Amino acid sequence: MTSTFDFEPAATALETVVAGISDDQLDAATPCVGSTVAALLDHVLALTEAFRQAATKESVGRSVPPAVARDSKLPEDWRTRIAAQLKELVAAWREPGAWEGETEAGGVREAAIVMAVIALDEIVVHGWDLARATGQPFTCADSDAAILFEFLRETPSTGTPGLFGPVVEVPADASALDRVIGLTGRAPSWSA
């Protein structure tokens, strides 16, 4: 497993995409099957807080699996709330103790370093999803893409039930981010 890394590049990329989403795009489809932009933003609100709590270990013993179908309405301050929660997540994972021992998020207990990579996956992949759904550019640090490719490269071709659909084949010479996206069951060429 990888050593520690900084969440700031991935968090900044997601924050930039979120800031560029207009209200008239909230009902748009995303590459995340079955999720609209609004539903994915709702998920991002939940995951940014869950993974911040995983860093501080305050969720250990009390986290719960995410709801399968949340029928909630985005709060009016979703843009500023997501931005603030991303900054808090970055700060929490900058504490050395965040990377030690075990922690918990979404009802799953893992080594903290594994949980950090799962958090990075969520931030990068859903940032890409939202960018594609809303016609925005998306950037991913090469180091982050490399970490995620290493983490996901053993994904079964059938996908990971409950997480990712079947792997989408991409050329071996594709960018690291495109290979990561393919491993999560998304076509790198997806467009709205």
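All of these numbers come straight from a predicted model, not from anything done at the bench. Positions are given from 1 along the sequence.
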Any donor-acceptor pair under 3.5 Å from Lys57 side chain to Glu100 backbone: yes
Within 6.0 Å of CG in Asp27, more than 12 heavy atoms from elsewhere: no
Asp23: side-chain contact (heavy atoms from CB on, under 4.5 Å) partners, not counting sequence neighbours: Leu26, Trp78, Arg79
Side chain to side chain donor-acceptor pair (under 3.5 Å) contacts touching residues 5-16 (sequence neighbours left out): Asp6-Arg94, Glu8-Arg94, Glu15-Lys87
Student check: side-chain heavy atoms of Ile82 and Leu45 closer than 4.5 Å: yes
Minimum side-chain heavy-atom gap Leu152-Arg179 below 4.5 Å: no
Hydrophobic cluster membership, Ile123 vs Phe5, 4.5 Å side-chain cutoff: yes
Within-4.5 Å side-chain heavy-atom neighbours: Phe164 and Leu183: no
Heavy-atom closest pair, residues Phe138 and Val124: CZ-O, 3.4 Å
With Glu95 via salt bridge (charged side-chain N to carboxylate O under 4.0 Å, His left out) - residues at least two apart: none
Side chains of Arg62 and Gln53 in contact at under 4.5 Å (non-hydrogen atoms): yes
Note, Pro188 side chain near Val170 side chain (heavy atom, < 4.5 Å): yes
Thr48 and Gln85: side chain donor to acceptor below 3.5 Å: yes
Separation between OG of Ser189 and CD1 of Ile181, rounded to the nearest 0.5 Å: 11.5 Å
Pair Phe149-Phe151, ring-ring contact (aromatic ring centres under 6.0 Å, His included): steps then yes or no: CA-CA 5 Å; Phe149 180 74; Phe151 180 65; over 10 Å; no
pair Val44-Leu130: side-chain heavy atoms closer than 4.5 Å: yes
Atom of Gly127, atom of Leu14 and distance for their closest heavy-atom approach: CA-CD1, 3.6 Å
Ring geometry between Phe7 and Trp93 (parallel below 30°, tilted from 30 to 60°, perpendicular above 60°): tilted
Atom pair CG/CG of Leu74 and Asp77 - distance to nearest 0.5 Å: 10.0 Å
Pair Thr30-Thr36, side-chain contact (heavy atoms from CB on, under 4.5 Å): steps then yes or no: CA-CA 6 Å; Thr30 70; Thr36 63; 5.6 Å; no
Salt bridge (Lys or Arg N to Asp or Glu O under 4.0 Å) pairs, two or more places apart, involving residues 120-145: Asp129-Arg186
Single-linkage hydrophobic cluster, 4.5 Å side-chain cutoff, Val117 and Val60 together: no
Closest contact, heavy atoms only, Thr134 versus Val37: CG2-CG2, 4.1 Å
Thr184 and Thr155: CA distance, side-chain angles, deciding distance, side-chain contact (heavy atoms from CB on, under 4.5 Å) verdict: CA-CA 8 Å; Thr184 66; Thr155 301; over 6 Å; no
Any His43 side-chain heavy atom under 4.5 Å of His126 side chain: yes
Minimum-distance pair of heavy atoms, taken over all atoms of Ala98 and Ala112: O-CB, 3.1 Å
Pairs touching residues 159-171 that satisfy salt bridge (Lys or Arg N to Asp or Glu O under 4.0 Å), sequence neighbours left out: none
Side-chain donor-acceptor contact under 3.5 Å, Glu104 with Ser63: yes
For the student: nearest non-hydrogen atoms of Asp178 and Ala174, plus distance: CB-CB, 4.0 Å
Ser22 and Gln25 side chains, donor-acceptor separation under 3.5 Å: yes
Rounded distance [0.5 Å steps], CG in Leu177 versus SG in Cys140: 5.0 Å
Step-by-step side-chain contact (heavy atoms from CB on, under 4.5 Å) determination, Thr103 to Thr56: CA-CA 9 Å; Thr103 192; Thr56 64; over 6 Å; no
Residue list, side-chain contact (heavy atoms from CB on, under 4.5 Å) with Val64, at least two apart or on another chain: none
Considering all heavy atoms, the nearest Phe51-Ala105 contact: CE2-CB, 3.9 Å
Test side-chain contact (heavy atoms from CB on, under 4.5 Å) applied to Val17 and Trp128, step by step: CA-CA 9 Å; Val17 170; Trp128 181 89; over 6 Å; no
Any side-chain heavy-atom pair of Val18 and Leu86 under 4.5 Å: no
